[in-house]
Amino acid sequence: MTTKSNANKNWPSTILHIDSDAFFASCEKVVSPYLKNRPVVTGAERGIATSVCYIAKKLGIKRGMLIKDIKKQFPQVVIRNSQYKLYTLISNKMTKILARFCDKIENYSIDESFLDLTELGSFYNHSYTKLGATIKNTIKKELDITVSIGISLTKTLAKLASKHRKPDGLTVVAKDQIKNFLSQIAIQDVWGIGNKTANKMIKLGIKTALDFTNQNINFIKTYFYKPQIETYFELKGIKIYDIILKKEKPKSITRSQTFYPPTKNIKIIKSHLSANIDSAFRQLRKLNLLTNKIIIFIKTQQFIYLKSEINLPCYTAYPLLIYKRIDRELIKIYQPNLEYRATGVVLLNLKSADLRQLQIFADPDKEAKLQSLYEKIDLINQKYPNCLTTGLQTYTKPHKQKKGLFLLNIKV
Ligand SMILES: [Mg+2]
């Protein structure tokens, strides 16, 4: 008799989530072993604690605390500047170790990954406690970093499991253990459930993750939206979210559009160019990339391309920062006696936005504000395509404006 190799009633799917404990502070201890038994905090350059080792946590120090307060209250604490290149290096080493155990890896952040072990179930004999321990020991031995691992049927359950025991934890939740596990999890601690939703749930009498999964699906559909419905199934052990495997990232992003009728009017040209720029940057953000080199071009009726290259002083994914600069460049290449039929933009020197953590920005506060603003814009535009555009695009879609096009014109 042949059996389906990976079928196991307790493990219809298997996801492992791994989360390094106080990662940045641990990396500091790796390169400075004399700090091993001392309280270490990173983030001196930002003035706030970005990572707090477990010895420092025991003193009562929390992430986000002001460095000046820590210095005053806990003079014994070692406070370090962040060394993101070092953290990225160690993170890459960790990914290489994980790749020995599984080829389906999603690097969720610099210190967190998901592994899809479903197809390897029979290979590991479904002994996930043993596998988790082996991975932990390997990382400890080779990198001297402790991690917490959660293994369960879905991403949501695995993430909750890795958080369940920290630091140096290993929590395995098989199908028949889910209910017991969820009864110990407060609803506000569930991955993907924000404060507002948690409060709404508590008002409805849902206090634990188990209370949530015990509800009838019709009740859930009456009171909640798609993300919570997905979480509901994930918590029940029904896999909704797949591992997102790394795709080849493009070397450049181009957006160009021909318009009709051709025009000499620089306002109309600018309007079309800004629509292309918005679209290119939207794609850039979608791919989690940043750029610091932009080429803009305008094309004449005679198919002559006039272009300008813009090198930015730092990487960004937000065009609001550069519209003024683009305006100046456009004026430079624009010749008033010619008629134009197309505009375009090419984004080059693309880098992963994970480098955001490398603090490559001149003004991190402004960058953080823009990030939050664009996250909202992208969300709204995803739901209502092109609902929010820059005011610069007034001349591109005047018919839409009459219908009530929202123009975004925000000064940051
Ligand atoms: Mg962590």
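Every value quoted in this text rests on a predicted model; they were computed, and no experiment measured them. Atoms within each ligand, like the ligands themselves, are counted from 1 in listed order.
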At less than 2.8 Å, would any N/O/S atom of Ser20, backbone or side chain, sit next to the Mg ion (ligand 1)?
yes
I'd like to know if the Mg ion (ligand 1) has an N/O/S atom from Glu112 within less than 2.8 Å of it, counting both backbone and side-chain atoms.
no
Restricting to N, O or S, what is the name of the atom of Asp111 that lies nearest the Mg ion (ligand 1)?
OD2
Give the atom name of whichever N/O/S atom in Asp19 sits closest to the Mg ion (ligand 1).
OD1
Is the Tyr87 ring parallel, tilted or perpendicular to the Phe24 ring (thresholds 30°, 60°)?
parallel
Ring pair (Phe, Tyr, Trp, His ring centres under 6.0 Å) against Tyr124, all qualifying residues, sequence neighbours excluded
none
Can you name the closest pair of heavy atoms from Ile269 and Ile298 and give their distance?
CG2-CG2, 3.6 Å
Please indicate whether Phe123 has more than 12 foreign heavy atoms, meaning atoms of other residues, nucleotides or ligands, lying under 6.0 Å from its CZ.
no
